Amino acid sequence: MRGCCCRGRGVLVTSATGLSARGLRFLLARRRVLLRLAVWSVLETGQTFLIGYGTARALDEGFLRGRADVGLVWLAVTGLGVLLGAFGTARVYAAVADLVEPLRDRLVERVVSRGVRSGDTGSLSGLTQQVEIARDTFAGLVMVSRSFVFTSAGALAGLFALAPPLLLVVGPPLALGMALFAATLRPLARRQEAFLVADEALAGDLGTVCPGLRDITATGAEAQIAAGTGERVEAELRAARALAHWGVLRVASLTIGGQLPIVLLLAAAPWLLAQGVSTGALVGALAYVTQSLLPALRNLIHGLGTSGSRLTVVLRRLAGGDTADDHAAPPSPAGRRQEAPGGEAVAVRTASPRPAHDGRGVPVPRPPRNQATAEPPPAVSLASVTFAYGPASAPVVHDLDLVLPPGAHLAVVGPSGTGKSTLTALVAGLLTPSNGTVRVCGHPVPGPEAQAARVLIPQEAYVFGGTLAENLAYLREDPVPEEELLAAAEAVGLAPLADRLGGLGARVDPTALSAGERQLVALTRAYLSYAPLALLDEATCHLDPETEARAERAFAARPGGTLVVVAHRISSARRAGRVLVMDGRSTAYGGHEELLRSSAPYRDLVGSWTPALAR
């Protein structure tokens, strides 16, 4: 929302002009329907004319002269006009349908053809919701616009027929109210569109966050997620306030154009009577304003002011341009998927050649693209990193230095609460250190390049209700061949579960899976990603030792891949090339045998793990 600029508004105006030209061509191609609509609307004009004129004649020529029969005849003529107007209104609906349904058919064709041609993921929404919004809104606008035009014509003709001085009282405020309303239409459309864009952004954010609240809590990302969602809430609030400010002018337009004439007629009554305006004509003028002009103007302002802006937005989107792009920064070249709750997904995809695969169909993680020399940068680099969860809290991670080369396998161990999950969240960019720097594959964290180079699997795995293949391919922009999915499932140990579920095309019910089965799905999904750095934050804690070993070996064997495991079994530490021991403010780093000799905390951990290993 903050990115709106004059250039964006220029695009908006240009797009609106293009829509106006298309709309004009659409209407000209249906001249017969418009002519039929006008003919039936004339009956409503007669009804409007008689409401004031018949009432004035009934008073002046009938009741005020003591001729009740003449007054009753004029009232009967007025009633007959109302019946004819109702008959015309019924025929108007049929004509409006003949005008609106071709628009709906054209929009449906456009949405379907665009969806088939480009694989547009928004086609279903366009077909089931936006097209119907456009049809209903267009029909409403035709009705209120037509009604105002013919009602105003009938009322103004009646005022002139009764007494021309009445037009001097009613005409100027009506014209001023309409001019003020017309001046607000374009700014209102901009604010309405800005509000819709902000509302869609907030809805999309909540649609991603709400299903993953458990994972967000598990990874300690509450503050970051809350900050991002709060920004979208504030953006929608600003857009709503701007829309409301301009909406006040609609009320002013209605007051000036529809209600001020009533006051002026009453205030100018002595002058009008002195000009020869009869009592009946004055009452008829009040009837015109209160029963015809005011309701028609109210319907026009509320209908065209709100629905007209909405129709402009929807038609512009269905015509092929997403107006959200006018107000936001351009997306990344392949940035279709967003970050899954808990940091599992790669948030920003950047254009790069499709990575190769090894002979077994295993995806080969792409190497860092910022290599200034032949020597690749470290997979993970932490320099004097300190982090605490509050200003008064003791640091969980204190002045930590760590460098992992590409292809390394690191196990992070330590008692509960010593910062193991915090460390993975810092590397993943879900937390920001209070001091020090974190880099992934040479890229600063947080940052889109670093985010694209890592994949995080939390303890509570995220599985959604699609097919198994959709779950496994979630982190891939390109279609994943079935043989590659099967190879990954076999490597990680998911193949027996896939067979039990009914294959890759089987639909997954997350609630029907055990915690370990969900972890296997998430692990295979991460294994298939192109991110060279895999962060397993106790992502195998619900697996048996054999399955855990198989999954970790599969990740460690990924060509060019780097693995960081928050371990909960001594076997994970034994498999890793290096071990990082976290024990509050102190840390130790080295191989398993080396740490057994040099680190008392590590020896204590190994001793506590030994009984569990024996069982």
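Heavy-atom basis, side chains included; hydrogens, waters and symmetry copies ignored. Note that the coordinates shown come from a computational prediction; the quantities given were computed from them, not determined experimentally.
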**Complete:** Minimal heavy-atom distance between Glu484 and Arg476, with the atoms involved, is OE2-NH1, 2.8 Å

**Request:** Could you tell me the separation between the CG atom of Leu50 and the OG1 atom of Thr55, rounded to the nearest 0.5 Å?
**Result:** 9.0 Å

**Any Arg57 side-chain heavy atom under 4.5 Å of Val70 side chain** = no

**Complete:** Heavy-atom nearest pair, Ala269 first then Leu282, reads CB-CD2, 3.7 Å

**Message:** Tell me if a side-chain donor or acceptor on Asp205 pairs with a main-chain N or O of Ala201 at a distance below 3.5 Å.
**Reply:** no

**Request:** Calculate, to the nearest 0.5 Å, the distance between atoms CZ and CG belonging to Arg32 and Asp98 respectively.
**Result:** 13.0 Å

Residues 146-167, side-chain donor-acceptor partners within the protein, below 3.5 Å, at least two apart:
{"unit_1": "Arg146", "atom_1": "NH1", "unit_2": "Ser41", "atom_2": "OG", "d": "3.2"}
{"unit_1": "Arg146", "atom_1": "NH1", "unit_2": "Glu44", "atom_2": "OE1", "d": "2.5"}
{"unit_1": "Arg146", "atom_1": "NH2", "unit_2": "Glu44", "atom_2": "OE1", "d": "3.4"}
{"unit_1": "Thr151", "atom_1": "OG1", "unit_2": "Ser147", "atom_2": "O", "d": "2.6"}
{"unit_1": "Ser152", "atom_1": "OG", "unit_2": "Phe148", "atom_2": "O", "d": "2.7"}

**Request:** Starting at CD of Gln47, measure out to CD of Gln291 and round the result to the nearest 0.5 Å.
**Result:** 11.0 Å

**Request:** Could you name each residue pair satisfying salt bridge (Lys or Arg N to Asp or Glu O under 4.0 Å) that touches residues 152-168, not counting sequence neighbours?
**Result:** none

**Asked** Looking at side-chain heavy atoms only, is the closest gap between Leu300 and Met178 below 4.5 Å?
**Response** yes

**Request:** Kindly indicate, with the supporting measurements, whether the criterion side chain to side chain contact (heavy atoms under 4.5 Å, CB included) is fulfilled by Thr467 and Leu504.
**Result:** CA-CA 7 Å; Thr467 65; Leu504 297 175; over 6 Å; no

**Asked** How far apart are the C-alpha atoms of Val142 and Leu37, what are their side-chain angles, what is the distance that settles it, and do they pass the side chain to side chain contact (heavy atoms under 4.5 Å, CB included) test?
**Response** CA-CA 10 Å; Val142 170; Leu37 184 62; 4.0 Å; yes

**Complete:** With sequence neighbours left out, the residues meeting side-chain contact (heavy atoms from CB on, under 4.5 Å) with Ala268 are Val169, Leu272

**Item:** Heavy-atom pair of closest approach, residues Pro261 and Pro173
**Value:** CG-CG, 3.8 Å

**Request:** Take Leu294 and Leu254, measure what side chain to side chain contact (heavy atoms under 4.5 Å, CB included) needs, and give me the verdict at the end.
**Result:** CA-CA 8 Å; Leu294 180 58; Leu254 181 61; 3.9 Å; yes

**Message:** Give me the atom names and distance for the closest heavy-atom approach of Leu174 to Gly257.
**Reply:** CD1-O, 3.6 Å

**Request:** Output every pair passing side-chain hydrogen bond (donor to acceptor under 3.5 Å, both in side chains) with a member in residues 268-286, not counting sequence neighbours, ordered by first then second residue.
**Result:** Asp60-Ser278

**Item:** Separation between CD1 of Ile262 and CG of Leu286, rounded to the nearest 0.5 Å
**Value:** 7.5 Å

**Request:** To the nearest 0.5 Å, tell me how far Thr290 OG1 sits from Ile51 CD1.
**Result:** 9.0 Å

**Message:** Before you tell me yes or no, could you show the steps for Tyr530 and Glu477 under side chain to side chain contact (heavy atoms under 4.5 Å, CB included), namely the whole-Å CA-CA distance, both residues' side-chain angles and the distance that decides it to 0.1 Å?
**Reply:** CA-CA 10 Å; Tyr530 291 147; Glu477 294 298 333; over 6 Å; no

**side-chain hydrogen bond (donor to acceptor under 3.5 Å, both in side chains) partners of Thr184, counting only residues at least two apart** = none

**Message:** Checking the side chain of Arg232 only, and the main-chain atoms of Gly228 only, is there a donor and an acceptor separated by less than 3.5 Å?
**Reply:** yes

**Request:** Name all residues meeting the side-chain hydrogen bond (donor to acceptor under 3.5 Å, both in side chains) criterion together with Asp199; count only those two or more places apart in sequence or in a different chain, and write none if there are none.
**Result:** none

**Asked** Would you say Arg525's side chain and Tyr462's backbone share a donor-acceptor pair under 3.5 angstrom?
**Response** yes

**Item:** Test item: Arg191 side-chain N/O and Ala239 main-chain N/O as donor-acceptor pair under 3.5 Å
**Value:** no

**Message:** Can a donor-acceptor pair be found, under 3.5 Å and without considering hydrogens, that links the side chain of Tyr288 to the backbone of Phe49?
**Reply:** yes

**Message:** Would the distance check show the side chain of Arg518 and the main-chain N or O of Leu513 forming a donor-acceptor pair, the cut-off being under 3.5 Å?
**Reply:** yes

**Prompt:** Rounded to the nearest 0.5 Å, what separation is found between the CG atom of Leu72 and the CZ atom of Phe63?
**Reply:** 4.5 Å

